[in-house]
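Report on the structure given below.
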There are 2 protein chains.
Amino acid sequence: MSALREKILTTASHLFQTQGINSTGVDNIVAVAGTTKMTLYKYFRSKEVLILEVLEKNQQDFQTWLVGKLDSSRKSSDKIQQLFDYIEEWVSSPAFIGVGFIKASAEFPNEQDPIHQLSSQQSREFRQFISKLAAEASIKDADGLALQLSLLFEGAVQAEQMNRGSGAVKYAKKAAKILINGAGKT
Amino acid sequence: MSALREKILTTASHLFQTQGINSTGVDNIVAVAGTTKMTLYKYFRSKEVLILEVLEKNQQDFQTWLVGKLDSSRKSSDKIQQLFDYIEEWVSSPAFIGVGFIKASAEFPNEQDPIHQLSSQQSREFRQFISKLAAEASIKDADGLALQLSLLFEGAVQAEQMNRGSGAVKYAKKAAKILINGAGKT
DNA sequence: TGTTGATTATACTAGACAGTATAGTCGCTA
DNA sequence: TAGCGACTATACTGTCTAGTATAATCAACA
């Protein structure tokens, strides 16, 4: 894949998170990425398509990283226990700038909007991923626990973005342990 | 206070939540409110001031409603237990359209922005309110529990907005009970 | 050297948007 | 009935933005 294309994607991702999606103009993106509008529109049909691709890339990068971490776990039933350890590691890293689909669904609340639809789909998929981990750990109401953990996750990311270094993730992790240990097993 | 001023505030609040703040134009607001820009700018110096007032009104309305509900509790130590019952009632009501400061902080991520500052202040104040309830219930780490409950709250509101009727609040409530009961007392 | 493809530079269109100016309408009250 | 204040109607300015058109540059390569 073209290096310029990549550069535009990462630049857009960064600007979207730090300035907001609607507040970030195409001119702004190309200026920071060191290219021109012509090139951007060569790779992306429209700003909307760019936004969608940024969302997909972000989610894929995170999922890939997370799955890689979890695969090093010895037993699959341990994975749900370690989930928030990795989430904390990820959120605490200096490179962390937020979760795309959370911000996007807030900025595009209209349910007919393709951007909103992709956002809520990603949120759903992440919840299903957690549910799978819960099921592997023989938890009875895997979907219920997954929903609760996803609430903690989204809340923590939100809080961490609202004021950085609030320690929200640390407490989310503690809460997650309590909820996991309190969940009934099959 | 002027009825028109009130009408503009509630109309703007509704449009901000359903379409996004940045995506809602002043022309749009006055058209729906059935008035003109001249009148809007008579009551609000700028769109930014309007946004700030909408945020303040929303939070005040919610807090007033919530405090009224909680005051009917017999013992003050019961209040923290009932908090999520009322939150569920509020989120499940047809009139619910979201929480202003969550959306606003997502759309205005710049920490220097007055709108972002007000949003994060409101989030902080709500957390302190929960902390006070926790302290009244003799919970040892009141601030820690309050942070966890606020994560559940914000996560649930977010989820409920992402797809309505997902039952997120119900599971948030269950999680809250577990966390409250698991918290150490002084 | 001449051609090709990717990229740049720059200027443009068309529409949206915040905010203002000016004149007019309507109802109330003296 | 005359005046006053709240509100409307409408047109305007200036700025920003997404997206396009056109020509120029540059590097690789045959």
Side-chain angles (χ1 to χ4, degrees), chain A residues 1-56 100 103-104 106-110 112-116 118, chain B residues 1-56 100 103-104 106-110 112-116 118:
Chain A
M1 187 186 294
S2 159
L4 255 173
R5 194 178 198 280
E6 204 80 3
K7 176 83 185 178
I8 292 170
L9 274 174
T10 57
T11 303
S13 172
H14 186 257
L15 291 176
F16 287 163
Q17 290 292 340
T18 53
Q19 308 181 348
I21 301 175
N22 280 314
S23 309
T24 301
V26 174
D27 296 272
N28 196 347
I29 295 169
V30 298
V32 176
T35 181
T36 64
K37 271 204 282 196
M38 287 314 296
T39 306
L40 186 149
Y41 279 100
K42 185 191 161 192
Y43 288 117
F44 308 96
R45 212 177 319 122
S46 64
K47 188 187 176 185
E48 182 176 83
V49 168
L50 173 61
I51 297 169
L52 291 170
E53 289 213 28
V54 165
L55 284 177
E56 256 159 21
K103 186 175 288 285
E107 286 206 55
F108 299 85
N110 184 344
Q112 307 307 313
D113 194 308
I115 297 172
H116 182 92
L118 178 59
Chain B
M1 186 186 295
S2 158
L4 255 174
R5 193 177 199 280
E6 204 80 3
K7 177 83 186 177
I8 292 170
L9 274 174
T10 56
T11 303
S13 171
H14 186 256
L15 291 176
F16 287 163
Q17 290 292 340
T18 53
Q19 307 181 350
I21 300 174
N22 280 314
S23 310
T24 301
V26 174
D27 297 271
N28 195 347
I29 296 168
V30 296
V32 176
T35 180
T36 64
K37 272 204 282 197
M38 289 313 296
T39 306
L40 186 148
Y41 279 100
K42 185 193 162 191
Y43 289 118
F44 308 96
R45 211 175 319 122
S46 63
K47 189 187 175 184
E48 184 175 81
V49 168
L50 173 61
I51 297 170
L52 291 170
E53 289 214 27
V54 165
L55 284 177
E56 256 158 21
K103 187 176 288 284
E107 286 206 56
F108 300 85
N110 185 345
Q112 307 307 314
D113 193 307
I115 297 171
H116 182 92
L118 178 59

Protein-nucleotide distance (B/L40, atom CG; D/dT8, atom P), rounded to Å: 11 Å
Approximate separation, where rounding is to 0.5 Å, of A/K47 NZ and A/T24 OG1: 6.5 Å
side-chain N/O A/T35 vs C/dT8 OP1/OP2, d < 4.0 Å: yes
Nucleotide C/dA6, atom C1' - distance to CD1 of A/I8 in whole Å: 12 Å
B/Y41 side-chain proximity, nearest of D/dT20, C/dG19, D/dC7: C/dG19
Minimum-distance nucleotide to B/M38 side chain [options: D/dA18, C/dT8, C/dT22]: C/dT22
Spacing of B/R45 atom CZ relative to C/dA18 atom P, expressed in whole Å: 17 Å
d(CG, A/D27; C1', D/dT20) in whole Å: 13 Å
Shortest side-chain distance from B/K42, nucleotide among D/dC7, C/dT20, C/dA6: D/dC7
Phosphate OP1/OP2 of C/dA6 contacted by A/S2 side-chain N/O (<4.0 Å): no
C/dT7 OP1/OP2 closer than 4.0 Å to side-chain N/O of A/Y43: yes
Nearest-neighbour nucleotide for the A/K37 side chain, D/dG19, C/dA18, D/dC7 considered: D/dG19
D/dT17 OP1/OP2 closer than 4.0 Å to side-chain N/O of A/K47: no
